[in-house]
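Written below as structure tokens is the structure these notes are about.
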Amino acid sequence: MLKSVLVANRGEIACRVFRTAKRMGIRTIAVYSEADANALHVREADEAVLIGPAAARESYLDGAKVLAAAKATGAEAIHPGYGFLSENADFAEAVAAAGLIWIGPDPSSIRAMGLKDAAKALMIQAGVPVTPGYQGADQSEETLTAEAARIGYPVLIKAVAGGGGKGMKRVDDPADFAAGLASAKREGAAAFGDDRVLIERYITRPRHIEVQVFGDKHGEVVHLYERDCSLQRRHQKVIEEAPAPGMSDDVRAAVTGAAIKAARAVNYVGAGTIEFIADASDGLKADGVWFMEMNTRLQVEHPVTESVTGVDLVEWQFRVAAGEPIPLKQDEIQLNGWAMEARLYAEDPANGFLPSIGKLEHFVMPEGIRVDTGVEQGGEVSQFYDPMIAKLIVHEDTREAAAARLAEAAGEVEVWPVKANAGFLKRCLEHPRFVAGDVDTGFIATEEADLSGRADKPSLAAAVVGLLASHTRWAEYSSYEPSPWDSKGEGLFGFRLNAPNTAAAVVSINGEQCAARLKARNWYDFDVAVCDGNFVVEVQPGSSLRDIGSRIDVNGRDSQVRFRNADMPDLVFRNGEAFEIGWFRASGQVAAVIADGSLRAPMPGKIVATPVKAGDAVTKGQPVVVLEAMKMEHALTAPFDGVVESVASLGDQVVEAAVLAVVKAG
């Protein structure tokens, strides 16, 4: 068995590999960039080596620096994790040339599956079904146009070296083919240095089904059943599950058999994934599943396979790399129950899913489930790396139970002030179509209105108002906790038992103000008018205001609200969402706050354009300032007709929430 391993990766990935290595008694070595000096994976390793600046190309993607770290620490093997150098055949060869053990497939296997067109040609030779299309060498526009017509519209143009949706264009009409082709070629050249494309038939209701395969150095290859990764947003996976819903025995036999053929065709060793696209328009059928590509590494979603098979895939990687045979035969690998994984990202679904960065001042993960993460409370989410901060994994007897448990877990997530997508995940998992297993890769785009959560803000406001008001009721008879409704704080006067049972205030939720009025029905039940909505709020008696969940019914829908305010602003967590709460008297001062036309930075960045200047008249929706952040430009527009009072200077570097411009109504 191996004695030591260097993990050429960071964050959750490195922590995951370290966990198994430590259990097996293998010494662990981390590499880290300057931005990750205080990262969790650095502290969890037995030894850690600084390999460069924050930029990945100068640290984690610099194979020479990784190899130097391995040599300096006496590492016996290198595990690349997933991402970064994990599918870099040149790096794999360099590892072997340095006398180290590469924990991954042979470089020839990586190369064989690295280009989509070559991989498909190889699969056709191996008898693996592929999506009808064109993978030829003739890349002239005339030939590609003719092939698209032969395949039949709609078609999908894909960069041969692509991934993550880059260089991928759907074309529905022949008149749009030339423009789509030019765009795909530009993106392929920019992202991968290769503008070649292939063309496939576009499947109108596609499902993404993949099979976990594993090979050893003794010629054995097994599968560990399938996963369904159809719940995607812009070609990025959001929720994965194993097994796939609606999978019959004959379809499973066909798809796993094809996966074994694919792995054997490249003499595969180690953990890999064969990805298929399935036509879900009329259920899964054996002749309606086609090879798409192979990932020659461990996958982010591997925990769901581990959960339903009882196998530690990283342990298998270590054993196979050390020359041992696969620990189990095919007939010994059993499928047990149902597992689901949700990817928790530091991003803001309410703001176009923009990445969110900064310090995790409050970070609480659900208990009783598997959580794979590389961050902790007090840590940083950096602008330099992928914004995934954790994976939430559940394993239950049935799909329905797994979806319900994962939805519950997503609702228990508490992250602040960094934004997270936990509420979005919960809404996905509870959507009737998802619960019924009616999923395809277009699910999120189709159901965006229901999944956005925009309609939930008034309900949250009502829950907050009811919760705080209920505590005012018993405040005189117990240890007092400040309430906006009480004269001891900045709230209202006269709202007391045996006094008028109506009150008004303004509640601020994440900087947006809503007028709130309530009428008490009894000690814990209220009629609440807030954020242009009317609600009946019922607060469970006896709940505590601070740091303990309170059960709240809003218009008959039950949820848990957790209130935190120790050493931080008042925060409310509900259904995976985080809300900073402010309170104001219903006065002219508050009206001025509500009318404020401040345009704030959605994330740190640089001012790259100021289309207007102070004193200019603007109309609602007119661009006022343009911010460049995360390599994208974001135009901030006037919230109403008015006059620009101030605007930031061109070239300014700004922090999140900084006021970039102020528009006054006029």
Side-chain angles (χ1 to χ4, degrees), residues 120 123 127-133 151-156 170 172 200-213 223-233 235 237-262 273-293 299 301 304-305 307-309 334-342 396-404 406-407 428-448 450-451:
K120 288 199 171 187
M123 292 301 100
V128 177
V130 302
T131 312
I151 295 164
Y153 288 87
V155 297
L156 197 62
R170 172 182 171 175
D172 296 308
E200 293 178 349
R201 176 194 300 168
Y202 182 81
I203 310 301
T204 54
R205 284 209 63 197
R207 279 180 58 184
H208 182 131
I209 294 174
E210 59 189 35
V211 176
Q212 177 73 60
V213 294
H223 72 78
L224 292 95
Y225 302 98
E226 80 281 353
R227 300 186 285 255
D228 192 299
C229 306
S230 299
L231 220 68
Q232 301 179 6
R233 181 183 169 274
H235 307 292
K237 299 169 186 175
V238 176
I239 294 171
E240 302 101 349
E241 57 184 304
M247 178 65 71
S248 62
D249 290 342
D250 64 321
V251 177
R252 176 171 290 129
V255 73
T256 55
I260 293 292
K261 282 184 180 179
T273 301
I274 313 296
E275 301 197 356
F276 296 89
I277 187 169
D279 185 349
S281 57
D282 191 28
L284 295 178
K285 296 183 178 180
D287 60 355
V289 184
W290 301 282
F291 172 86
M292 185 165 55
E293 63 185 1
Q299 290 275 88
E301 57 271 23
V304 295
T305 294
S307 297
V308 295
T309 61
Q334 300 298 313
L335 191 61
N336 176 36
W338 213 286
M340 286 188 184
E341 172 183 296
E396 300 290 343
D397 291 337
T398 66
R399 185 176 188 275
E400 293 76 10
L406 189 54
C428 288
L429 291 158
E430 292 179 333
H431 194 283
R433 273 189 59 196
F434 180 83
V435 173
D438 179 19
V439 295
D440 56 58
T441 59
F443 172 87
I444 288 176
T446 302
E447 306 297 341
E448 183 177 3
D450 290 340
L451 302 176

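Everything numeric in this text was worked out from a predicted model, so none of it was measured.
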Looking only at heavy atoms, what is the nearest atom pair of [X] and [Y], with distance?
X	Y	answer
V308	A242	CG1-O, 3.4 Å
M340	L429	SD-CD2, 4.1 Å
A407	E430	CB-CG, 3.7 Å
A403	F434	CB-CE2, 4.1 Å
L284	A278	CD2-CB, 3.8 Å
V128	A258	CG2-O, 3.7 Å

Legend entry - Non-neighbouring partners of A445 that pass side chain to side chain contact (heavy atoms under 4.5 Å, CB included), sequence neighbours left out: none
Could you check if a side-chain atom of [X] sits within less than 4.5 angstrom of a side-chain atom of [Y], using non-hydrogen atoms only?
X	Y	answer
W338	P243	yes
E210	Q299	yes
I151	Y202	no
F291	I274	yes

Inset, instruction - Output yes when a side-chain donor or acceptor of E226 lies under 3.5 Å from a complementary backbone atom of A244, and no otherwise. - result: yes
Legend entry - Main-chain N/O of Q212 paired with T273 side-chain donor or acceptor, under 3.5 Å: no
Legend entry - salt bridge (charged side-chain N to carboxylate O under 4.0 Å, His left out) partner of R207, the single match among D438, D282, D440, D228: D228
Inset, instruction - Determine, stepwise, if the pair T446 / R433 fulfils side chain to side chain donor-acceptor pair (under 3.5 Å). - result: CA-CA 11 Å; T446 302; R433 273 189 59 196; 4.8 Å; no
Inset, instruction - Check each of E301, E341, Q232 against K237 using the side-chain hydrogen bond (donor to acceptor under 3.5 Å, both in side chains) test, and report the only one that passes. - result: E301
Legend entry - side chain to side chain donor-acceptor pair (under 3.5 Å) partners of R201, counting only residues at least two apart: none
Inset, instruction - Please assess M247 against Y225 for the test side chain to side chain contact (heavy atoms under 4.5 Å, CB included), listing each intermediate value before the final yes or no. - result: CA-CA 11 Å; M247 178 65 71; Y225 302 98; over 6 Å; no
